[in-house]
Amino acid sequence: MTTPLKQHLIDPEICIRCYTCEMTCPIQAITHNDDNVVVDAEICNFCMDCIPVCPTGSIDEWRVVATPYSLDEQFGWDELPAQEDLGEGASGDSGIEALDDAVAALLAEAHAGVGGKSVAPKSASKPSVNLYNLAKPAKATVQGNYRLTRDPDHDVRHIILDFGGQPMPVLEGQSIGIIPPGTDAEGKPHLPRLYSVSSPRDGERPNYNNVSLTVKREAGGLCSNYVCDLKPGDEVQVTGPFGATFLMPDDPEARLLMICTGTGSAPMRAFTMRRGRSVGARSGGMVMFFGARAPESLPYFGPLKKVPAAVLEQHLVYSRAGAAKEYVQDRMLIEEERVAELLTDPRTHIYVCGLRGMEEGVESAFTSIAESIGESWPALRDVMRGEGRYHVETY
């Protein structure tokens, strides 16, 4: 009987080509071409170091195979292949039952402790993915560059890119890559840096082929400083779009619970603008917990004040504005009854976006709130995730 093998793969449809997994892998088992990021089965030792750093979960894919997929095969994929039927072809009639048991054991081992997988909301529009790659990027022209914050230590910019006659069908919740000019220490072109789109699908300006980004200048940041210094008329090379699960439902009755910090507000702004333009206050409602150091460092502080409460219920939280530090998870616990009511509604979709450090506190708050209504948060979370109603992108 041929012994089945477990193979680690990356979902090319969900992957946002941030290359974090490749930079993290301690044995260089992950590589890329112009289209895809892939895992070399001859090198991978299943150390799992790449799993926690992936912002989308696309890295956490496994197949049991008779012969591992080659790099060339993986480079050509637009989506993952289905699990092979390894029964009779691999072992003959007498070995099918034993092989099935081996396959089940290997898959159970691969997914041990993983929980549910993120999927797109059932009513979400079908996203376009990877239309422009490293070899053939789109060219966009900068239409505007506006500072969003008054905090000298937090320079956050609103960047508007015009794609002219090139199609850029970006959905709310997707990302695009910006390729910084120049080369790295090895003389290779720089890889793109990923930024969530902060405009709705019909553009920053309705029915114009333009897209906005929310970018924070990072000290020593190669791409963030490049983007934050762009001037109107500058040309930018763009890859993408990327992302196939962190999408908003098109169902107007769906309720959105959005939790974000800093530039994690980008997709939430896109969601809010989409709802405002499409269904307005007639929607199922949106609730947002948005954290920053102070009002001066909170992106879109002024515009948010103009959004009607009927469209968006806002909880703006500041960790440095007063004597007591308050974070989004603290305000969630204060608003426990409101959050609990949302958790019990099958129409609720949850989105968490921001720095990775926020995730633990948010999970803890959800655990406490779920327990207050007699629910297990891990169980509830995994049900919601499997139904396309729970999404996390942290970085």
Side-chain angles (χ1 to χ4, degrees), residues 138 140-164 168 170-180 192-219 221-238 240-243 246 248 258 260-277 286 288 290-307 311-312 314 316 318 351 353-355 393 395:
T141 302
V142 178
Q143 281 189 322
N145 180 343
Y146 308 96
R147 181 157 184 166
L148 296 172
T149 55
R150 292 182 287 114
D151 183 342
D153 296 326
H154 285 74
D155 181 8
V156 181
R157 301 278 174 156
H158 184 72
I159 311 294
I160 304 174
L161 302 177
D162 177 24
F163 287 87
M168 181 55 80
V170 180
L171 294 178
E172 305 81 15
Q174 286 193 292
S175 302
I176 60 173
I178 302 294
I179 304 176
R193 271 42 169 195
L194 272 290
Y195 298 100
S196 295
V197 168
S198 56
S199 51
R201 67 190 68 184
D202 57 347
E204 174 69 16
R205 183 179 177 186
N207 303 315
Y208 281 75
N209 193 23
N210 53 17
V211 170
S212 66
L213 307 175
T214 309
V215 181
K216 179 177 182 284
R217 187 188 299 275
E218 299 289 349
L222 173 71
C223 197
S224 70
N225 281 281
Y226 164 64
V227 174
C228 288
D229 289 337
L230 288 170
K231 296 176 175 56
D234 287 348
E235 188 175 84
V236 179
Q237 291 189 312
V238 179
F242 302 117
F246 198 94
M248 71 177 294
M258 303 176 289
C260 59
T261 58
T263 56
S265 61
M268 313 312 184
R269 178 181 187 267
F271 291 167
T272 302
M273 292 181 71
R274 171 64 179 171
R275 274 287 177 86
R277 290 180 184 178
M286 297 183 291
M288 180 172 68
F290 186 1
R293 290 168 58 94
E296 295 77 16
S297 55
L298 189 144
Y300 305 110
F301 179 79
L304 278 170
K305 291 299 184 181
K306 300 177 183 179
V307 179
V311 174
L312 177 66
Q314 302 175 40
L316 305 183
Y318 309 114
Y351 298 87
C353 189
L355 294 175
E393 279 195 8
Y395 42 84

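What you are looking at is a predicted structure, and each value in this text was computed from that prediction instead of being measured. Sequence positions, counted from 1, serve as the residue numbers for this chain.
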Review item, side-chain donor-acceptor pairs of residues 298-306, under 3.5 Å, at least two apart:
from: Tyr300; atom 1: OH; to: His158; atom 2: ND1; distance (Å): 2.8
from: Tyr300; atom 1: OH; to: Thr214; atom 2: OG1; distance (Å): 2.6

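Taking CD from Gln143 and CD from Glu204, the interatomic distance works out to 9.0 Å, rounded to the nearest 0.5 Å. If you take CD on Glu393 and SG on Cys260, they are separated by 13.0 Å, rounding to the nearest 0.5 Å.
Atom CZ of Arg147 has more than 12 heavy atoms from other residues, nucleotides or ligands within 6.0 Å. Environment of OH in Tyr395: crowded, with over 12 heavy atoms of neighbouring residues, nucleotides or ligands closer than 6.0 Å.
Considering all non-hydrogen atoms of both residues, Val211 and Ser199 come closest at CA-OG, 3.5 Å. Among all heavy-atom pairs drawn from Ser265 and Gly262, the shortest one is OG-O, 2.9 Å. In terms of heavy-atom proximity, Lys216 sits nearest to Cys228 at C-SG, 4.2 Å. Between Phe271 and Gly173 the shortest heavy-atom distance is CE2-N, 3.8 Å. Counting all heavy atoms, side chain and backbone alike, Pro180 lies closest to Leu222 at CG-CD2, 3.8 Å.
Side-chain contact between Gln314 and Phe290 is absent, with no heavy-atom pair separated by less than 4.5 Å. Using a 4.5 Å heavy-atom threshold, the side chains of Arg205 and Ile160 count as separate. Residues Leu194 and Ile176 are not in side-chain contact: their nearest non-hydrogen atoms beyond the backbone lie 4.5 Å or more apart. With contacts defined as side-chain heavy-atom distances shorter than 4.5 Å, the pair Tyr195/Cys223 qualifies. When side chains are defined from C-beta on, Val311 counts as touching Met286, because their heavy atoms get closer than 4.5 Å. Using a 4.5 Å heavy-atom threshold, the side chains of Tyr226 and Val236 count as touching.
For the pair Asn225 (side chain) and Glu218 (backbone), a donor-acceptor distance under 3.5 Å is present. A side-chain donor-acceptor contact under 3.5 Å links Thr149 to the backbone of His154.
For residues 221-236, the set of pairs meeting the salt bridge (charged side-chain N to carboxylate O under 4.0 Å, His left out) definition, not counting sequence neighbours, comprises Arg217-Asp229.
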Val215 vs Ile178, side-chain contact (heavy atoms from CB on, under 4.5 Å): CA-CA, chis, key distance, verdict: CA-CA 11 Å; Val215 181; Ile178 302 294; over 6 Å; no
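Looking at residues two or more places apart in sequence or on another chain, you find a side chain to side chain contact (heavy atoms under 4.5 Å, CB included) between Asn209 and Phe163, Met168.
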